Amino acid sequence: MQLAPAQEGAVIFIPHSNAPVVAANLSRMRSNALNLKLGGDFSGEEKEQLTNVFEMKLKPAAEKWFSVYSNRVPFNLAGLTMDKFVRRIGKDSNYRAYTFVVGDTTFGIQEFHGSTYVNYLASRRGVVAMNNVPKLSGPADLSMPISRDEVIELIQADSGVRFPPNEVTLTPTGESGSLMGGANVQVGKEVNDPNGRKFTTTSMDFSIVFGSDGKLAYYLRTP
């Protein structure tokens, strides 16, 4: 089995503060603290074990997730293979995060206390557009490609939790960046609450950005 070297060009476009971070010059101390291991650091036996984990846990979790988001994902499921693996963070299956890079998309699958699920996606193209100041010759495109009801249905199919409408907010991405016609979605966190209190319906929450074509530009599931 061949493991790809870290493809920093895509991985560094991870904008969320609590998302995994990779940099070419990570110190040994930080790597040890994170229990971070890059693809090229695995021994032959470890690569075999990793391939088994991929086939038995990671790939089925990705297949389930793809069945929910379907044509909203910016790459094909067939492109998620072990040669796209770049790193693993975590000491054991109570918490381990696996990162893949498919084209310009960083994709993460997480083992967390007995569950395995997709927890991260970031499109380089989408993140760049989100963070750039728009250059407009006319009004910003504040349309959105998805409704609150559609988000609620997607998240329920994804996680098994049905969030109430007051825990789901949609904001046009055109309000804050050059990703026009998209939607910045927050689910299960301080939404519609002027006091900033966190809701207690569920411990999980989601931050998702859809582009104007309805495809995912960013996805973060916590925990």
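Note: hydrogens, waters and symmetry copies are ignored here, and every other heavy atom, side chains too, is used. Heads up: numbering here begins at 1 and tracks the sequence. All values derive from a computational prediction rather than experimental measurement.
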Once you round to the nearest 0.5 Å, how far does CE of Met82 lie from OH of Tyr98? 9.5 Å
Listed pairs under 3.5 Å, donor-acceptor, residues 66-76 side chains, sequence neighbours left out:
from: Ser67; atom 1: OG; to: Lys64; atom 2: O; distance (Å): 2.5
from: Tyr69; atom 1: OH; to: Asp158; atom 2: OD2; distance (Å): 2.7
from: Arg72; atom 1: NH1; to: Gly214; atom 2: O; distance (Å): 3.0

Minimum-distance pair of heavy atoms, taken over all atoms of Asn119 and Ile109: OD1-N, 3.6 Å
Considering non-hydrogen atoms only, spot the tightest contact between Asp41 and Glu46 and give its length. O-OE1, 4.0 Å
Within 45° cone and under 6.0 Å: Arg221 NZ/CZ vs Tyr117 ring: yes
Cut-off 3.5 Å, no hydrogens considered: what does the side-chain donor-acceptor table look like for residues 170-180, sequence neighbours left out?
from: Thr173; atom 1: OG1; to: Leu179; atom 2: O; distance (Å): 2.3
from: Thr173; atom 1: OG1; to: Gly182; atom 2: N; distance (Å): 3.1
from: Thr173; atom 1: OG1; to: Gly182; atom 2: O; distance (Å): 3.4
from: Ser178; atom 1: OG; to: Ala129; atom 2: O; distance (Å): 2.9

Side chains of Tyr218 and Ser123: closer than 4.5 Å at any heavy-atom pair? no
Return the CD to CZ distance between Gln110 and Arg96, rounded to the nearest 0.5 Å. 12.5 Å
Applying salt bridge (Lys or Arg N to Asp or Glu O under 4.0 Å), can you list everything that pairs with Glu55, at least two apart in sequence or on another chain? none
Quick check: closest heavy atoms across Lys47 and Phe42, and the distance to 0.1 Å? CE-O, 3.2 Å
Heavy atoms from other residues, nucleotides or ligands near NZ of Lys215 exceed 12 (cutoff 6.0 Å): yes
Minimal non-hydrogen separation, Ala217 against Val127, with atom names: O-CG2, 4.3 Å
